[in-house]
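The analysis underlying the following values was restricted to heavy atoms, covering all of them including side chains, and did not include hydrogens, waters or symmetry mates. Every value quoted in this text rests on a predicted model; they were computed, and no experiment measured them.
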Amino acid sequence: MPLDDAYANAAYIAGAETYPPKWDAAATAFRERLGTHAEVGVSYGGSDRQVFDFFNTSDAPKGTMIFVHGGYWKAFDRSSWSHLAAGPLAAGWSVAMPSYDLCPDLRISDITQQIVQAVQVIAARTEGPLALAGHSAGGHLVARMLDPAVLSEAVRDRIVRVAPISPVADLMPLLKTSMNEILRLDEAEATAESPTRMAPPAAADVRIWVGAEERPVFIEQAEALARAWGIDTTIVPGKHHFDVIDALEDAQSDLVRFLTAT
């Protein structure tokens with residue numbers, strides 16, 4: 001397909017095959033260190049994958065950050081990313097990380113609705129501000145939460161900051177990739193599910209992060225969303241699609257400082 005190479009991340013990252021096992025090992029070790037501060041597998045819906053892990057701060061939380069994982073809506077779950085909660089936790093924020101059912105079992109629009117349900121359930125068990133961050137397909141999903149037609153107004157009003165990281169913001173190009181055999185997008189769904197075609201968010205502070213060493217199409221996607229919404233993009237020097245998220249581990253990183261600002 002014409003755009004397969006454009007969206008092929010692993011083929012252009014040295015040692016790409018080593019990243020998933022490193023993520024899994026770091027995430028498992030992080031949960032073990034947290035002990036009783038880690039609530040694993042909290043249900044938010046009817047399927048086995050409709051669960052989230054919740055990481056509690058030692059003190060009263062300043063807010064809750066929700067991280068949504070990527071994987072082109074067809075891979076991974078919450079368990080590989082627990083260590084990315086380290087930065088917000090150190091800044092005094094609790095962290096929730098949901099899984100969701102994957103394509104082709106669901107369509108992308110169905111996954112959006114699952115994340116809506118997850119955010120609603122997480123909001124119901126917490127107080128204070130909410131911040132959303134998501135990577136790649138997760139960047140798409142957190143951007144979709146700013147559509148006034150999805151979340152309840154009460155929950156949407158609590159979202160103070162959103163960081164789509166390397167987001168897939170315009171889904172139309174994916175129609176020209178072989179992965180669409182799994183995603184099953186058509187033009188109508190790609191249009192409805194593209195954040196670039198949404199109205200700019202009215203209240204939340206939104207900033208996009210993307211690595212300078214990413215595939216060009218991901219920088220283009222980030223810049224397209226920035227133009228559509230009139231917001232800023234942070235292009236991180238030396239970072240690619242697999243390590244741009246590492247900043248979430250560091251409470252002093254610009255990304256975590258943005259998400260947890262009070």
Side-chain angles (χ1 to χ4, degrees), residues 37-57 60-71 73 76-79 81-82 84-85 88-89 92-103 105-165 167-169 171 189 192-195 198-206 229 248 259-260 262:
H37 287 287
E39 299 178 62
V40 176
V42 182
S43 176
Y44 71 84
S47 72
D48 290 343
R49 291 184 63 95
Q50 286 179 270
V51 293
F52 61 87
D53 293 345
F54 195 88
F55 305 120
N56 294 279
T57 62
K62 298 176 182 177
T64 301
M65 194 273 279
I66 301 172
F67 175 79
V68 182
H69 71 82
W73 307 274
F76 294 114
D77 62 29
R78 72 200 190 281
S79 65
W81 317 104
S82 308
L84 300 183
L89 279 176
W93 285 57
S94 296
V95 179
M97 294 191 177
S99 294
Y100 46 86
D101 288 297
L102 302 174
C103 298
D105 295 336
L106 294 186
R107 301 183 72 93
I108 290 175
S109 54
D110 299 320
I111 295 172
T112 294
Q113 291 305 312
Q114 288 197 349
I115 297 303
V116 168
Q117 179 67 10
V119 172
Q120 297 274 170
V121 170
I122 293 164
R125 61 172 282 160
T126 60
E127 297 179 353
L130 301 171
L132 309 182
H135 177 233
S136 198
H140 159 266
L141 291 166
V142 297
R144 288 287 292 124
M145 296 303 102
L146 297 174
D147 184 336
V150 297
L151 288 171
S152 69
E153 183 177 2
V155 172
R156 192 171 64 253
D157 286 349
R158 288 175 56 191
I159 299 173
V160 292
R161 279 169 294 280
V162 180
I165 305 167
V168 186
L171 275 57
E189 184 179 30
E193 281 294 319
S194 290
M198 287 168 46
D205 188 1
V206 185
W229 285 9
L248 287 169
L259 286 166
T260 61
T262 54

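- Panel note: side chain Arg158, backbone Gly128; a donor-acceptor pair is recorded below 3.5 Å.
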| message | Would Trp81 and Leu248 count as a side-chain contact (heavy atoms from CB on, under 4.5 Å) here? Give the steps. | response | CA-CA 10 Å; Trp81 317 104; Leu248 287 169; over 6 Å; no
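- Tyr100 places no side-chain N or O within donor-acceptor distance of the main-chain N or O of Gln113, the cut-off being under 3.5 Å.
- Counting only heavy atoms from C-beta outward, the side chains of Val95 and Leu84 never approach each other to under 4.5 Å.
- Closest non-hydrogen pair, Ser99 versus Asp77, comes out as OG-CB, 3.3 Å.
- Between Phe54 and Ser94, the shortest heavy-atom distance links the atoms CZ-CB, 3.7 Å.
- A donor-acceptor pair is defined here as one N or O able to donate and one able to accept, closer than 3.5 Å; such a pair exists between the side chain of Arg156 and the backbone of Pro148.
- Here the shortest heavy-atom pairing between Arg78 and His69 reads N-CD2, 3.9 Å.
- Each of Leu102, Val168, Leu106, Asp110 was evaluated against Trp73; a single residue qualifies, Val168, per the side chain to side chain contact (heavy atoms under 4.5 Å, CB included) test.
- At least one donor-acceptor pair under 3.5 Å links the side chain of Ser43 to the backbone N or O of Gly45.
- For the pair Leu146/Trp229, a side-chain contact is recorded, criterion being any heavy-atom separation below 4.5 Å from C-beta on.
- Between Pro98 and Val68, the shortest heavy-atom distance links the atoms CG-CG2, 4.3 Å.
- Taking 4.5 Å as the limit, some side-chain heavy atom of Leu141 sits within range of a side-chain heavy atom of Thr112.
- Using a distance-only test at 3.5 Å, with no hydrogens or angles considered, no donor-acceptor pair links the side chain of Trp93 to the main chain of Pro129.
- Side-chain contact between Ile66 and Phe52 is absent, with no heavy-atom pair separated by less than 4.5 Å.
- Among residues at least two apart or in separate chains, salt bridge (Lys or Arg N to Asp or Glu O under 4.0 Å) pairs with a member in residues 140-151 are Arg144-Asp147, Arg144-Glu193.
- Gln50 contributes no side-chain N or O that, together with a main-chain N or O of Gln114, makes up a donor-acceptor pair within less than 3.5 Å.
- Here the shortest heavy-atom pairing between Met198 and Ala143 reads CE-O, 3.4 Å.
- Residues Thr260 and Met65 are not in side-chain contact: their nearest non-hydrogen atoms beyond the backbone lie 4.5 Å or more apart.
- Remark: side-chain polar atoms of Asp205 are not paired, donor with acceptor, to backbone N or O of Arg161 under 3.5 angstrom.
- Side-chain atoms of Leu89 and His37, non-hydrogen and from C-beta on, never get closer than 4.5 Å to each other.
- A distance of 9.0 Å separates CG in Leu151 from CG in Leu130, rounded to the nearest 0.5 Å.
- Of the possible donor and acceptor atoms, none in the side chain of Thr57 sits under 3.5 Å from a partner among the backbone N and O of Gly92.
- With a 4.5 Å cut-off on side-chain heavy atoms, Val206 and Pro164 count as touching.
- The two residues Ile122 and Ala96 make their nearest non-hydrogen contact at CD1-CB, 3.6 Å.
- The side-chain heavy atoms of Glu127 and Thr64, taken from C-beta on, include no pair separated by under 4.5 Å.
- Taking the six-membered ring wherever Trp is involved, the centroid distance between the rings of Phe67 and His135 does not fall below 6.0 Å.
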| query | Passes side-chain contact (heavy atoms from CB on, under 4.5 Å), Val119 versus Met145? Steps please. | reply | CA-CA 9 Å; Val119 172; Met145 296 303 102; 4.2 Å; yes
